[in-house]
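The structure appears right after this line, and notes come after that.
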Amino acid sequence: MVTLRPAPASPDAGKNLLAEKFQRLLATVRANRPQDDLSLIERAYEFSLKHHSGQLRASGEPYVLHPLEVAQVLAEIRMDATAIAAGLLHDAVEDTSVTPQEIATIFGEQVAHIVNGVTNIDKIQFANREDRQAENVRKMLLAMVTDVRVVLIKLADRLHNMRTLEHLPPDRQESIARETLDIYAPLAHRLGMGKMRGELEDLSFRYVDPFAYEQVRSAVEARRQEGEKFLRGIENALQERLKEHSITARVEWRIKRLYSIFLKLQHQRITVDQVYDLLAVRVITSSVQDCYAVFGLIHSIWRPVPGRIKDFIAMPRPNLYQSLHTTVMADGGHQFEVQIRTDEMHRTAEEGIAAHWKYKAGGSPVSAKDEQRLAWVRQIVEWQREMTDPNEFLSTLKIDLYPEEVYTFTPKGKVVVLPKDASPIDFAYAIHTEVGNTCTGAKVNGRMVPLKTRLRNGDIVEVTTQNGHTPSRDWLNFAKSSRARNKIKHWLNEHQRERAIEIGRKLLEREARKYKVSLAQFHDTDYVKVASEYGLGNTPDLMAGIGFGKYSARQTLNKLAPGATAPPVGPETTISSMSDAVKRVYFSKGADSLTVEGHDELLVYRARCCNPIRGEEIVGYVTRGKGVAVHARNCPNVQNLLYEADRRISVEWARLPEADSAGHRATYAVKLTVFCDDRAGMLKELTAAISDDGTNIRGVDTKAGTGAEAIVEFIVDAFDVRHLNRLVNSLRRLSGVRDVQRQQKL
Ligand code: MN
């Protein structure tokens, strides 16, 4: 099972061993791909030898032995010289000072591209995966690579690491073996590489479940002699009949692999005593016709076990595996499985995707073909899915044919699959709704990033949250997953409605005060009655309707207490009294036009503590009874308001600055404090600079500074932040001006 190679006794022995291994590699390439360019492989080996020199593996052997063995695996599966060279260099960028540029310069873009692909996969930490995550990781691996040779090198790399796993500490052994079983063996299976899969599984089995491994191994060992004797008898009988019928075919037999026996024992709930089911005979023919002939012949000698006949020639498996399978009963009730296939089918079964490389001559450009092959690999994955879960198949088919998914990780290595171009917000909602709702920021690969950042395959995402923080409507601009979008919308709707209900009540109260109507006299049934007149079900709906401006507070009051209010002027419209109020209070002044997102009819005013001006980032805060106070986002009070975060709402400046009837644009009073030299003419220069800009000065005040410093305070009218910044900069440029500060409070 596990092939262990003795460590070299001396440096010289190490050198000889390396030279021997390299010659073996060249011989394998010559045998499998006679046309390939050996010089590329030779140069790659020399390079690897040089750059890994002095490095040792855990086994104490020279490090370069590892890439050499990886290359050997690749050569044995008939990979081309490019892949073998990349295999020799696969750890060079990660473990030595070599740069990807260097690889590209010396070995060409293709080799560099493949080495890069392997390095990128190596960067991902797969720690702590759960079973259901494995599928995602496998998909991600395929999504990440643009050249399938990257996957094959990764598999060869893993195979050699598994072969030498005994040199690592036990805890690492188990986790690496688990990962191999979860990720790499199934990946090999998907690529149709039966031999690779089998070896990876058996090597892992030993470390993942040592107890079961030992049980199966000893049970098989105990029955090996008997089994082999039995199989030799079968072989002889079969050969004889083949000869009689003039069929040329090769007969092979083997005891099945330990891990597949283990799975079978688990699956079929049989005991190791039924060892004959663990025996397998394979007949390899030269034509499909002969396959069926042998199939018939076998059933004429031994009785088939019902339900065990499978024709994978007519119906190939998704990974292109073809074979006839049958299980037959020999004398004494001993069962054994027979697989019948052609030479070509056999190669496909053993080597899978790698088998498709073998006819291609080396040296020719392959990039376009690679793309096709990769599409083919992905196709295989999809076909395979079809067998297990049709629903999932459909969704993944869509995804992988049009790469619509991005695979990201939590810091603990859990895979989070998101739609393409997803943001950290999507990630946060994928973790948990509460995490999404309270998300304040994100780190990607350890670095702080804006929440609108587009995530890429392999990104490790960490979300920061803050209790009381709430979703923002902005998030809908970059949230891609339907889950995140629905959650955000749901939250916004819920909370907007709550606010609208509150505003509606306030408006009704105000209207009632105005007309001296006591609301205390009304019961819920009175409100419900009015609500039903509007086609609404209950009181909150009615209040929300008023708050959203659908129904006027005055009309509602009139319905509650008929005749209490003066008859409305003109026909009743859907414009709410609140929107009237906003117009009356603010628009008439021509300034302060703010909108509350989605509700331009809400009562809004600028908070006096920070006096935000157009263009500044702002947040709204629903006050009790006074409408919405608008603060600058950086206003210190905003932080203090967070304890009632559900009263916080998104606000934005109305799109167009309001102009009054004379066409004058609205301005905002801003207080500026200028720290400057205390000298004659300074004040004049300052005021000149301000008025030269066309800015109105509302007031000026001078204060004594310290020593030779004067402090001058201006209140100026600014159109917006841009105007203000321009003004501040022009003041700062004046000689003698030390600093200019804006005072939020007037
Ligand atoms: Mn490696």
Side-chain angles (χ1 to χ4, degrees), residues 2-5 7 14 17-18 21-22 24-25 28 41 44-77 79 82-100 102-103 107 111-127 137 141 144-145 147-169 172-173 175-185 187-188 191 193 196 199-200 203-204 207 354 458:
V2 184
T3 333
L4 303 177
R5 290 167 180 81
L17 179 74
L18 290 176
K21 297 258 179 201
F22 185 58
R24 184 179 62 139
L25 173 66
T28 311
I41 296 172
Y45 174 62
E46 288 304 324
F47 188 89
S48 188
L49 189 62
K50 185 174 133 203
H51 286 275
H52 286 298
S53 82
Q55 294 177 350
L56 294 179
R57 296 210 89 207
S59 62
E61 293 168 314
Y63 192 89
V64 73
L65 197 63
H66 167 64
L68 200 46
E69 290 286 2
V70 169
Q72 180 66 32
V73 173
L74 294 167
E76 280 166 13
I77 60 173
M79 294 305 294
T82 305
I84 293 170
L88 284 165
L89 299 166
H90 82 272
D91 279 332
V93 173
E94 218 184 347
D95 297 345
T96 76
S97 56
V98 176
T99 65
E102 238 174 300
I103 303 272
F107 301 100
V111 172
H113 181 72
I114 297 171
V115 171
N116 250 354
V118 179
T119 310
N120 285 340
I121 290 178
D122 286 342
K123 278 184 197 151
I124 299 168
Q125 297 291 315
F126 293 146
V137 176
L141 275 175
M144 276 181 76
V145 300
D147 188 317
V148 74
R149 285 174 289 189
V150 171
V151 180
L152 299 183
I153 291 173
K154 202 55 219 161
L155 287 172
D157 177 45
R158 180 51 59 116
L159 182 61
H160 183 244
N161 285 336
M162 285 306 301
R163 283 175 179 168
T164 53
L165 198 60
E166 52 156 353
H167 300 291
L168 293 186
R172 302 246 7 240
Q173 285 176 340
S175 80
I176 292 172
R178 162 74 43 204
E179 184 177 89
T180 304
L181 215 48
D182 286 348
I183 310 294
Y184 292 98
L187 204 53
L191 301 179
M193 306 170 76
M196 172 82 77
E199 193 175 348
L200 287 174
L203 288 168
S204 307
Y207 295 100

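Throughout, residue positions are numbered sequentially from 1 according to the sequence presented. Remember, predicted model here, so these are calculated numbers, not experimental data. Just so you know, ligand 1 is whichever comes first in the structure, and atom 1 is the first atom listed for that ligand.
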What lies under 2.8 Å from the Mn ion (ligand 1), restricted to protein N/O/S atoms, is His66 NE2, His90 NE2, Asp91 OD2, Asp157 OD1

Take the angle between the ring planes of His66 and Tyr63 and call it parallel below 30°, perpendicular above 60°, tilted in between.
perpendicular

Quick one, Glu199 with Arg158, criterion salt bridge (charged side-chain N to carboxylate O under 4.0 Å, His left out). Give me CA distance, side-chain angles, the key distance, then yes/no.
CA-CA 11 Å; Glu199 193 175 348; Arg158 180 51 59 116; over 6 Å; no

Going by side-chain hydrogen bond (donor to acceptor under 3.5 Å, both in side chains), name the residues that satisfy it together with Glu46, two or more places apart in sequence or in a different chain.
none

Check side-chain hydrogen bond (donor to acceptor under 3.5 Å, both in side chains) between Gln72 and all other residues, then give those that pass, not counting sequence neighbours.
Thr28, Glu76

Set of ring pair (Phe, Tyr, Trp, His ring centres under 6.0 Å) partners for Phe22, sequence neighbours left out:
Tyr45

Verify the distance criterion only: is there a donor paired with an acceptor across the side chains of His52 and Asp91 at less than 3.5 Å?
no

